[in-house]
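This report refers to the structure that appears directly beneath it.
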Amino acid sequence: MTAPVFVVDRLDGVGAELVLDGPEGRHAVSVKRLRPGEDVVLTDGRGRWTDGVVKAAEGKDRLVVTDLRPVREEPPESPRITVVQALPKGDRGELAVETMTETGVDVIVPWAASRCITQWKGERGLKALAKWRSTAREAGKQSRRVRFPEVAEAATTKQVAALLGAADFAGVLHESGSEPLASVGLPAGGEIVLVVGPEGGVSPEELALFEEAGARPYRLGRSVLRTSTAGTAAVAVLLARTGRWA
């Protein structure tokens, strides 16, 4: 198993030793119960990382890491996979973000589709977006990633259409799709954008706008997945098909 991952806001100027404190230090010492001699990975979550060895665990929230190697950078994946995720009810949004992050998505775009019961407005919307971003960060650490997915600002339907129009591959998960996502031709690089609709489905007007932008409807299989799990299944298909899981 790879070493546990912890987030450091800045890796610039890191010497041969670093003190991890605050929430990350508390998680390392009191939750993970790391001990001297164990390996750890430190990252900024944007692809830059280093690894080292625990020198000491002090108190409840202070971890001293030594033998740090030079900072390295993991390049962005290609093709980049963006999932436009319609807003689910309750905590299913965080579930979708968590499992897509663990699977390997690169960008998640929250979308207030016309048939979404949940709507992000005002302070409630800001809190929900912050929760999605926190979930992506924690899931990125859990899955031992050093480049966490970007969780974008909530998009309107017109903004989603613009994303689809600029993509190298654009698709919408929809029951009207005659072609399965598992057999469609995919680009070797560039940008893949896939739309996951709400529980009530993508409306005919939204689908028409997306098709006008160049997106086609695709299906995953015979069963109907919930919006909180469809994106994760689709990302797995795309990662396998593009060779990123090879």
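For clarity, every value in this text was computed on a predicted model and none was experimentally measured.
Residues A230 and L220 approach most closely at O-CD1, 3.7 Å, considering heavy atoms. Closest of all the heavy-atom pairs between F210 and A161 is CE2-N, 4.0 Å. When all heavy atoms of Q85 and P88 are compared, the closest pair comes out as NE2-CG, 4.0 Å. Listed here is the closest heavy atom pair of C116 and A86: SG-CB, 3.9 Å. Scanning all heavy atoms of the two residues, the minimum distance from A234 to L194 falls at CB-CD2, 3.4 Å. In terms of heavy atoms, A167 sits closest to V193 at CB-CG2, 3.6 Å.
Residues L42 and L18 have side chains in contact (heavy-atom distance under 4.5 Å, counting atoms from C-beta outward). In this structure, P79 and F169 have side chains that are not in contact, with every pair of non-hydrogen atoms separated by 4.5 Å or more. At least one side-chain heavy atom of R62 sits under 4.5 Å from a side-chain heavy atom of V19. Taking the side chain as every heavy atom from C-beta outward, R48 and R72 never approach each other to under 4.5 Å. Using a 4.5 Å heavy-atom threshold, the side chains of D106 and P149 count as separate. The shortest distance between side-chain heavy atoms of L95 and V97 does not fall below 4.5 Å. Between V160 and K158, the closest side-chain pair of non-hydrogen atoms is not below 4.5 Å. Side-chain contact between T157 and L209 is present, with at least one heavy-atom pair separated by less than 4.5 Å.
In the hydrophobic clustering of ILVMFWY residues, with side-chain heavy atoms under 4.5 Å counting as a link, V5 and V65 come out apart. Residues V109 and L207 are members of one and the same hydrophobic cluster, defined by side-chain heavy-atom contacts under 4.5 angstrom among Ile, Leu, Val, Met, Phe, Trp and Tyr. Cluster membership check: V71 shares its hydrophobic cluster with L20, using side-chain heavy-atom separations under 4.5 Å among Ile, Leu, Val, Met, Phe, Trp and Tyr. Hydrophobic cluster membership differs between V41 and L63, with clusters built from Ile, Leu, Val, Met, Phe, Trp and Tyr side chains linked at under 4.5 angstrom. Cluster membership check: V83 shares its hydrophobic cluster with W245, using side-chain heavy-atom separations under 4.5 Å among Ile, Leu, Val, Met, Phe, Trp and Tyr.
In this structure, L126 places its CG atom where more than 12 heavy-atom neighbours from other residues, nucleotides or ligands lie under 6.0 Å away. Residue R115 qualifies as enclosed at atom CZ: its count of foreign heavy atoms under 6.0 Å is above 12. For CZ of R69, the number of neighbouring non-hydrogen atoms (other residues, nucleotides, ligands) closer than 6.0 Å is 12 at most. Within a 6.0 Å sphere centred on CD of E175, other residues, nucleotides and ligands contribute 12 heavy atoms or fewer.
With respect to D9 and R46, no salt bridge is recorded, no charged nitrogen being found less than 4.0 Å from a carboxylate O. Using a cutoff of 4.0 Å between basic side-chain nitrogens and carboxylate oxygens, R147 and E74 are not scored as salt-bridged. Between E24 and K141 a salt bridge is recorded (basic side-chain N to carboxylate O distance below 4.0 Å). Between R35 and E38 there is no salt bridge, since no side-chain nitrogen of the basic residue lies less than 4.0 Å from a carboxylate oxygen of the acidic one. Salt bridge R133/E153: present, at least one basic N to carboxylate O contact under 4.0 Å.
Distance check, rounded to the nearest 0.5 Å: CE of M100 to CD of E98 gives 11.0 Å. In this structure, T101 OG1 and R145 CZ are separated by 6.0 Å, a value rounded to the nearest 0.5 Å. With rounding to the nearest 0.5 angstrom, the CG atom of L87 is 12.5 Å from the OG atom of S228. Rounding to the nearest 0.5 Å places CD of E58 at 15.0 Å from NZ of K60. A distance of 7.0 Å separates OG1 of T242 from CG of L238, quoted to the nearest 0.5 Å. To the nearest 0.5 Å, the span separating CZ on R241 from CG on L186 amounts to 5.0 Å.
Between the side chain of T66 and the backbone N or O of V53, no donor-acceptor pair lies under 3.5 Å. Within the 3.5 Å criterion, the main-chain N or O of T135 finds no donor-acceptor partner in the side chain of E138. Side-chain atoms of D168 do not come within 3.5 Å of backbone N or O of P187 as any donor-acceptor pair. In this structure a side-chain-to-backbone donor-acceptor pair under 3.5 Å is missing from D44 to V8. Side-chain atoms of S78 do not come within 3.5 Å of backbone N or O of R80 as any donor-acceptor pair. Here the side chain of T229 pairs no donor or acceptor atom with the backbone of L225 at under 3.5 angstrom.
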Yes or no on side chain to side chain contact (heavy atoms under 4.5 Å, CB included) for R219 and V224, after CA distance, side-chain angles and deciding distance? CA-CA 9 Å; R219 54 184 171 82; V224 177; over 6 Å; no

Can you check side chain to side chain contact (heavy atoms under 4.5 Å, CB included) on W49 and E73, steps first, answer last? CA-CA 6 Å; W49 66 284; E73 183 162 2; over 6 Å; no

Dump the intermediate steps for side chain to side chain contact (heavy atoms under 4.5 Å, CB included) on Y218 and V195, then the final yes or no. CA-CA 10 Å; Y218 298 100; V195 175; over 6 Å; no

Candidate pair R26 and D21, rule side chain to side chain contact (heavy atoms under 4.5 Å, CB included), full reasoning: CA-CA 7 Å; R26 186 176 304 110; D21 53 15; over 6 Å; no

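Applying the salt bridge (charged side-chain N to carboxylate O under 4.0 Å, His left out) criterion to K55, with sequence neighbours excluded, gives E17.
Tested against V196 for a side chain to side chain contact (heavy atoms under 4.5 Å, CB included), the candidates T227, V235, T232, V202 yield a single pass: T227.
For the salt bridge (charged side-chain N to carboxylate O under 4.0 Å, His left out) condition, the pairs that include at least one residue of residues 195-215, sequence neighbours left out, are E199-R226.
In this structure, the ring of F148 has its center no less than 6.0 angstrom from the ring center of W132.
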